Every structure is written in structure tokens, then in C-alpha cells.
> 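Quick one: the structure is below, questions incoming.
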2 protein chains.
Amino acid sequence: MNTKSEIYEQPGITVDLAIFTVNTNKLKVMLVKRAEDPFRENWSLPGGFLLHGESLQAAAYRVLREKTGVKNVYMEQLYTFGDPKRDPRSRVITVAYFALIPWKVLDQPESKKVTDLTWSSVDQLPKLAFDHKDILKYAVKRLRAKAGYSNIVYGLMPEQFRLSELQTMYEIIIDDKLDKRNFRKRMLATNLLQETGEKDITGAHRPAMLYQFKKMEIAFSN
Amino acid sequence: MNTKSEIYEQPGITVDLAIFTVNTNKLKVMLVKRAEDPFRENWSLPGGFLLHGESLQAAAYRVLREKTGVKNVYMEQLYTFGDPKRDPRSRVITVAYFALIPWKVLDQPESKKVTDLTWSSVDQLPKLAFDHKDILKYAVKRLRAKAGYSNIVYGLMPEQFRLSELQTMYEIIIDDKLDKRNFRKRMLATNLLQETGEKDITGAHRPAMLYQFKKMEIAFSN
DNA sequence: TATACTAAGTGTATAATGAACACTAAGTCG
DNA sequence: CGACTTAGTGTTCATTATACACTTAGTATA
């Protein structure tokens, strides 16, 4: 093991997460303030070192739980970043994941407001530690692309929702307007939605039918 | 560093490559016979440990050059496999890449036939070491998917080619027949091809116009 | 040297999909 | 009860995808 490490690199391994949500009509990502060097006091993506015997995905879910309290949300491996100089102190390779969480799931009393954690609009990012801005750019690019050809956006919706809310979610992700009638036609044609029978009666207007997703995996996910 | 390694995993890091080519109308992948334990004498994907100061991509290109003698071919990072038990002896995480090489480039005198290296049809694979069958399945899936919506297939073509050869290449990758007229219309409509002016006069039939790709990157690659 | 053979090369009609577009319905509020 | 707000709905037109068969230009050979 020692002779080996003279020739071969045995870097630290981390997982870093781009955890997205949508709130107040903005695509947001979770950032945490670093308490330690390097980049102390800088914002960064939540992450952590891989533990002994832990799979990469398990590590990612652990970080997710630690920071958000949630599990059972959409998550996929994004890319592995291994530039030799990405950590100024020692060689660290990070396996990046991205996750989607409906804001409603987060906005609970238990996720108390803390100053070392924030949800930042992806179009107004502070300076980030390490190569986290690259990671984030890549994650946003993938999310936008997948919104176009998969139903990944579902990962951001609450249990029940109006079609207009679903449309708004798509519009926020792809950063463009959609035609209401065409959108509704297309969504209903996929056959992934079902009416709940309930109606949303908030607001001074005609009530909206509430929908939910049929129970199934996210299609076309890879 | 020592205290750290008591808590955190510092695994060996390898890169493994699914190097594809097409020969005799079959999609083939390079396999190498392992000379060492574990899995001695088993076939495996070509790979190797990450060296000090080496980026992941550089490691992948190094392995590619060692095994094929080529560079400047299409390669992309595929996925990172980190199951704690994927190597029976110690923790090793592998970053998988896939590469595409035109057979003509490989079929040179210098790539002498050796018995510890083979090109295996992806539909007739031997037993593979580690989790390499999973890696390969994932690579084939990605290649097939990308053939449908990108021009990645270009990475397998020689400098000049007939349109019928290009069509055959697509048919091998996606494992389905295509309509000749529609295929030609679609390809020429992309505006990525240009006539070379030369003709292929092999065979007892009408000569075919030879085409080449306009010089540009592979589109839609991520 | 004519005929058989082979792969190259070409166009059109139909179906399916995508895009543009405006009004009525059903509630609440004042 | 009239003003306001969002929900909900169809049709036309343009674009794209699909299905499909014959002529062309060479070589081989009888």
C-alpha cells in the first residue's frame, strides 16, 4: 500500500451536490459557507468526504440528508472532477451529483434558518470555493437539457399541483415562455399525469383541477 | 494525512476505457487479458491507475495511447463506479470513459497482433473482470442513445467515405435498418458533410461520391 | 460487344408533429 | 352585480418524418 502510493495517486474523494429547488419563481441552488480552510468563509456546494465502505451514491445521499433532512428525491451522478490542482492543498477528486427538491418539502419548521446555508439564484451566484462554479454550470446545463426531453422537472413539483404551476416550473427551468394550450395538450398526452379529483380554490378566480404524477420512475433519465 | 485516512476513504483511482470500433459489420470493444490478480487471465476493459499530478482525462488518454497508439479520437467521460466491493482486494474507484476509433486507424502494421488484446463484439462478450460488464453495458447504452440525436457516429468513420458506408455505420450502432433515401436527405440537410470531389471506384457498380466531415467539433456532445 | 449484375442516386405523397393564436368559464372581491 | 383573475378549450398552418421504386453508371462475363 505504501509502495503503491509512491507511484499511484490515492487522493481524497469527496461528493459535491448541486441541490436545486425553485422558490419565488427562481431556480435556486443550495450553498454552504465553509468553516475551514481552504476557502474558509467562502460559499461552496454542500459536500463531504467519502467514508470507509461507503458507496458514492450513499455518500451523496448522506450529504443530502445532513443538509436538507430529506431523502427520496431525484438525484443523479453528474460528472467527476479531478483536476490535480482543484484543491490547493492536496489531491482531491470529487464526484458531483445533482438533486431536485420541491420547495414545499424544504420549507418546514425543522429546516431552521441558519446563516451558513443559503439558497442562491443560479443567475446571481457569489464567488464559490474550488471549481464549484464549473460544477454548477455543468449541472444547470444538464438540468436545462433534460427538462427539454425528459420529465425530470417532476422532481421539483409538490404532491399535487395545478397545470399552470407545472408550466411555470418548466418556464423557470428552461428560462423561456411556453404556450399554454400547447403545453397542456402535450403534458396530458404523455399520460403521466392524473387528475386528483380535488380542486385548488385559492385566489379570486376559477378553481383549478389538481393533478399528480402517476406512480412511476422518471422516464428517459439516462 | 494519516489521521485523515482513519476516517476517510483514500481509495485507489483508476480509469477504465470502453474503446469502440466497428469492423466486419460489428460493434466491437477492446478487451485486454489481465496478467495479475485479481481476475488474472480474465478479460477486462483497458485501464490503469491514476498517476501523481495527472488529470483524469490525461490518464484516460494515456491508457488510450498505450493500448492503441492513437490520440485525437472522440472520448468522453462516462460514469464513475465506486461500489465498495467492486475490487475484492482494496477500495478502488474507477472513472469510466468511452472512446470511438475508426477501424482503419487501428488496422495498421504497428498495432501488431497480440494475444492479450482482442476486439470483442459487444453482443458476444466473454466473462469480464470486476464490474466491467456493467460499465460496458452503460457505455453501449450511451453510445446507442447518442447516435440517435448527435453526430457522434462520425468518430467511427475514416477520413473519406461513401454515404452508404455512413448509413451502414448508423445501422450497426443502433442495430436497426434505415431507409436509404430518407437517410441521405437527412444527412445532407445537416450541412455537416461535404463532397470531396473524388469517387470511390471499387466494385462492379456505379462509383460513389466520397464525402468528408466539415472541420468542426462533434455537435450536441453533452 | 451485348447482357447481366451491382450498388449509387433520386422525388413524391401521406402522416404525424409542432407552432401560432383568442375566447369563454367559474370563481372572488368590492 | 360588475370588475377582475386565472382555468380551460380547438383549429389552422407549417414543418418534419415516413413509406416507397425506378433509373444510372460502372464491372464482369458469355
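The structure displayed is predicted, hence computed values, not measured ones.
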> Could you tell me the separation between the CZ atom of B:Phe161 and the CE atom of B:Met169, rounded to the nearest 0.5 Å?
9.5 Å
> Name the nucleic acid region contacted by B:Arg162, choosing base, sugar-phosphate or nothing; use a 4.0 angstrom heavy-atom cut-off, strictly under.
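Sugar-phosphate, backbone atoms only, no base.
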> Between B:Glu198 and B:Arg162 (salt bridge meaning N to carboxylate O under 4.0 Å), is one present in this structure?
no
> So which one's nearest nucleotide on DNA chain C is more toward 5', A:Lys185 or B:Arg181?
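On the 5' side of the pair lies B:Arg181.
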> Any side-chain donor-acceptor pair under 3.5 Å between B:Asp16 and B:Thr94?
yes
> Rounded to whole Å, how long is the line connecting atom CG of A:Asn182 with atom C1' of D:dT12?
12 Å
> Between atom NZ in A:Lys180 and atom P in D:dG10, what is the gap in whole Å?
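In whole Å, D:dG10 P and A:Lys180 NZ are 13 Å from each other.
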> Describe, in one word, how the ring planes of B:Phe213 and B:Tyr154 are oriented to each other, choosing from parallel (under 30°), tilted (30 to 60°) and perpendicular (over 60°).
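Parallel, since the angle between the ring planes stays under 30°.
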> Rounded to the nearest Å, what distance is computed from the CZ atom of residue B:Phe183 to the C1' atom of nucleotide D:dA19?
17 Å
> At the 4.0 Å heavy-atom cut-off to chain A, mark where contacts on DNA chain C begin and end, going 5' to 3'.
C:dA19 to C:dC29
> Between B:Lys199 (NZ) and D:dT27 (P), how many Å, whole number?
12 Å
> Toward the 5' end of DNA chain C, which comes first, B:Leu210 or B:Ala204, by nearest nucleotide?
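Of the two residues, B:Ala204 wins.
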> Taking NZ, NE, NH1 and NH2 as the nitrogens, is one of them in A:Arg34 or A:Glu41 under 4.0 Å from a carboxylate oxygen of the other?
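Result for this pair is no, no salt bridge flagged.
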> Find the distance A:Leu166:CG to D:dT6:C1' and express it as a whole number of Å.
16 Å
> In whole Å, I'd like the distance from the CD atom of A:Gln167 to the C1' atom of D:dG8.
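Atom CD in A:Gln167 sits about 12 Å away from atom C1' in D:dG8.
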> Ignoring hydrogens and angles, does a donor from either the side chain of B:Arg206 or the base of D:dT24 sit under 3.5 Å from an acceptor on the other?
yes
> Tell me: CD1 of B:Ile201 to P of D:dA28, nearest whole Å?
11 Å
> On the nucleotide D:dG8, are OP1 or OP2 found under 4.0 Å from the side-chain N or O atoms that A:Arg184 carries?
yes
> Using whole Å, report how far CE of B:Met209 lies from C1' of D:dT24.
14 Å
> How would you list, by chain and number, every residue that makes a side-chain hydrogen bond (donor to acceptor under 3.5 Å, both in side chains) with A:Thr24, sequence neighbours excluded?
A:Lys28
> Under 4.0 Å between a side-chain nitrogen and a carboxylate oxygen: does that hold for A:Glu76 and A:Arg142?
yes
> Closest nucleotide of DNA chain D for B:Asp179 versus for B:His205: which of these residues is on the 5' side?
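Closest to the 5' end, via its nearest nucleotide, is B:Asp179.
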